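Beneath this line is the structure, given in structure tokens, with notes to follow.
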Number of protein chains: 2
Amino acid sequence: MAKVDTSLVAHLPLFAGVTPEALDEILREARSARYPKNSAIFEQGADAQSFFLLLHGHVRAAKTTPTGEQIVVRYVAPGETFGLAMAIGAARYPATAIAVDDSVVLIWPTSAWPRLVERFPSLAANTLQTVGTRLQESHTRILEMSTQQVEQRVAHALLRLAKQSGKKLEHGIEIDFPISRQDIAQMTGTTLHTVSRILSGWESQGLVESGRQRIILREPHRIVVLAERSADSGAA
Amino acid sequence: MAKVDTSLVAHLPLFAGVTPEALDEILREARSARYPKNSAIFEQGADAQSFFLLLHGHVRAAKTTPTGEQIVVRYVAPGETFGLAMAIGAARYPATAIAVDDSVVLIWPTSAWPRLVERFPSLAANTLQTVGTRLQESHTRILEMSTQQVEQRVAHALLRLAKQSGKKLEHGIEIDFPISRQDIAQMTGTTLHTVSRILSGWESQGLVESGRQRIILREPHRIVVLAERSADSGAA
DNA sequence: CCTGATGTTTGCGATAGCGCAAAACGGAAC
DNA sequence: GTTCCGTTTTGCGCTATCGCAAACATCAGG
């Protein structure tokens, strides 16, 4: 079993208030694993046997309806936890997790959680914090879906992705993992067609530069303006 | 200061795994207050000085956009906590809470939270659980908004309200607090006009009976069917 | 270099639901 | 009983966005 360097993870919010020795003890319970691009880490509905911490790469969490439609719940960036079904008392994963890039994760058995929280109560507090933050973000997303048009929602989604996983280039910010029009559609509650149309429009205005599973925000500022405009004004 | 009977709250999920003596200690830190119908308990953006447990009544949590549009985040039923901004590390309330009926709440100062969790770690674990459940519900709501038509979303919303706060009558289930078309619109991401049209339609089919801020589900089963139908079939 | 698979663009018709406006209704206060 | 105010209902035109379908572009493999 590979040994995990505590210094790599010590600064993460999850481990705030945890002593180095305790961290060591926590990490001893984990194993690490590598998932190649496009492989599934767990499937919606499967037994929640583990929970995860992403070290490298990017993971997409998606939820599927009985009728087969999907939405993207979120993209997981390095340093974030996912698959916390046990924390909320669910026996099964409520979503599917797919590595969208070659990814490395730490894996704890769900069964270790109760013991860990008991020994290290700050774990529970920290997790509560992150889950709470996600809840807030979900509410924001609901608010957007309720009150904004598709173009604004797409703008917000891209800006968020850029903030979370943006790679700075000389002429803009690139979203640092492969993402399709379809993915963006599933984040914003629309169709890939509409997303494509919007991005085409933006591209011809020089706002973005995009291609196959690749998006660069060339003019983040102007995209912010787009995202905030309430529902009026037209192109000229 | 009124003394709170521990037996009234001992069974709540929030206090699972808390001994009676501990519960007593926890309750000593709280005060109770009564909010009349339609009064604000706290406002979005205000300092999160307290967190709450609803004892009697019903509370609506709503979020407002910069441009003044609102959505209903949720309705709080007796026994549930709300205003947990501190748990997620927020200094200000992310939503407004309004008593929709005369309501009684327990109030703890936010400053008491860290001490309480330290002394009674199960509080954090239990809260994590409920916040996690709410996160799931939010995701479900996003899924619905992304994939379903308005009529189905309204059906789901009403069924959920009926389950959470339904009063059983001989001929149906009544939602046990005043709720307007506008409120339902803000729960489902539509307009009061559309909700009104939908309810009128249902009423003429005998599915519901409704009036001013009042809704009775007469045929829950048939509403379930409506809620689940994928997007086809028409009235005949 | 060719080929298939996957992702993207775009045109066009259809429509669910919005937005506005006006009228009807129901309760509460006096 | 009458008046006033907030809620609900309903009609009607409009449009943002979907849905389908076809053409294209790009990448991986052989």
Side-chain angles (χ1 to χ4, degrees), chain A residues 36-38 60 67-72 98 100-101 144-155 175 177-186 188-205 208-216 226 229-235, chain B residues 36-38 67-71 98 100 144-155 175 177-205 208-216 226 229-235:
Chain A
K37 184 170 170 173
N38 292 325
R60 178 182 62 229
T67 62
E69 284 134 316
Q70 278 201 342
I71 62 155
V72 171
I98 306 270
V100 295
D101 249 352
E144 285 178 5
M145 292 192 62
S146 299
T147 62
Q148 303 184 332
Q149 322 228 148
V150 172
E151 183 172 27
Q152 289 150 30
R153 302 206 300 265
V154 171
I175 293 176
F177 54 82
I179 184 166
S180 70
R181 309 288 185 254
Q182 173 80 52
D183 294 326
I184 295 170
Q186 291 176 345
T188 52
T190 181
T191 63
L192 79 163
H193 307 273
T194 300
V195 172
S196 178
R197 280 179 243 271
I198 288 171
L199 289 184
S200 295
W202 290 356
E203 185 132 27
S204 69
Q205 293 171 59
V208 302
E209 179 189 332
S210 75
R212 194 192 178 77
Q213 309 209 85
R214 195 177 57 83
I215 300 178
I216 299 170
L226 263 189
R229 131 167 112 194
S230 41
D232 47 305
S233 163
Chain B
K37 183 170 170 171
N38 291 326
T67 62
E69 283 135 318
Q70 276 201 345
I71 62 154
I98 307 270
V100 295
E144 285 178 6
M145 292 193 63
S146 299
T147 62
Q148 303 183 332
Q149 322 228 143
V150 172
E151 183 172 28
Q152 290 151 30
R153 303 207 299 265
V154 172
I175 294 176
F177 54 83
I179 183 166
S180 71
R181 309 289 185 255
Q182 173 81 54
D183 294 325
I184 295 171
Q186 291 175 346
M187 297 180 70
T188 52
T190 181
T191 63
L192 79 163
H193 306 275
T194 299
V195 172
S196 179
R197 280 179 244 271
I198 287 171
L199 289 184
S200 294
W202 290 356
E203 185 131 25
S204 69
Q205 293 170 59
V208 302
E209 179 187 331
S210 75
R212 194 191 178 76
Q213 311 211 84
R214 197 178 55 85
I215 300 179
I216 299 170
L226 263 188
R229 129 169 114 196
S230 40
D232 47 304
S233 158

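Quick caveat, the model's predicted, so the values are computed rather than measured.
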On the nucleotide [N], are OP1 or OP2 found under 4.0 Å from the side-chain N or O atoms that [X] carries?
{"X": "Ser196(B)", "N": "dT9(D)", "answer": "yes"}
{"X": "Gln149(B)", "N": "dG17(C)", "answer": "yes"}
{"X": "Thr191(A)", "N": "dT17(D)", "answer": "no"}
{"X": "Arg181(A)", "N": "dT9(C)", "answer": "yes"}
{"X": "Thr190(B)", "N": "dC18(C)", "answer": "yes"}

4.5 Å side-chain heavy-atom contact, Glu144(A) and Gln152(A)
no

Rounded to whole angstrom units, what separation is found between the [atom1] atom of [X] and the [atom2] atom of [N]?
{"X": "Asn38(B)", "N": "dG6(D)", "atom1": "CG", "atom2": "P", "result": "12 Å"}
{"X": "Arg214(B)", "N": "dG26(C)", "atom1": "CZ", "atom2": "P", "result": "11 Å"}
{"X": "Ile179(B)", "N": "dT8(D)", "atom1": "CD1", "atom2": "P", "result": "10 Å"}
{"X": "Lys37(B)", "N": "dG27(C)", "atom1": "NZ", "atom2": "C1'", "result": "11 Å"}
{"X": "Met145(B)", "N": "dA16(C)", "atom1": "CE", "atom2": "P", "result": "18 Å"}
{"X": "Leu199(B)", "N": "dT7(D)", "atom1": "CG", "atom2": "P", "result": "16 Å"}
{"X": "Leu192(A)", "N": "dT17(D)", "atom1": "CG", "atom2": "C1'", "result": "13 Å"}
{"X": "Gln213(B)", "N": "dG6(D)", "atom1": "CD", "atom2": "P", "result": "12 Å"}

Would Glu203(A) and Ser210(A) count as a side-chain hydrogen bond (donor to acceptor under 3.5 Å, both in side chains) here? Give the steps.
CA-CA 7 Å; Glu203(A) 185 132 27; Ser210(A) 75; 3.1 Å; yes

Which residue lies more 5' along DNA chain D, comparing Val195(B) with Gly189(A) via nearest heavy atoms
Val195(B)

With no angle test and no hydrogens, is the base of [N] tied to the side chain of [X] by a donor-acceptor pair under 3.5 Å?
{"X": "Arg153(B)", "N": "dG17(C)", "answer": "no"}
{"X": "His193(B)", "N": "dT10(D)", "answer": "yes"}
{"X": "Arg197(A)", "N": "dG11(C)", "answer": "yes"}

Taking atom CZ of Arg153(B) and atom CE of Met187(B), what is their separation to the nearest 0.5 Å?
12.0 Å

Rounded to the nearest 0.5 Å, how far does OG1 of Thr194(B) lie from CD1 of Ile184(B)?
12.5 Å

Side chain of Thr194(B) - closest among dC18(C), dT10(C), dT8(D):
dC18(C)

Tell me which one of Arg181(A), Gln182(A), Glu151(A) satisfies side chain to side chain contact (heavy atoms under 4.5 Å, CB included) with Val195(A).
Arg181(A)

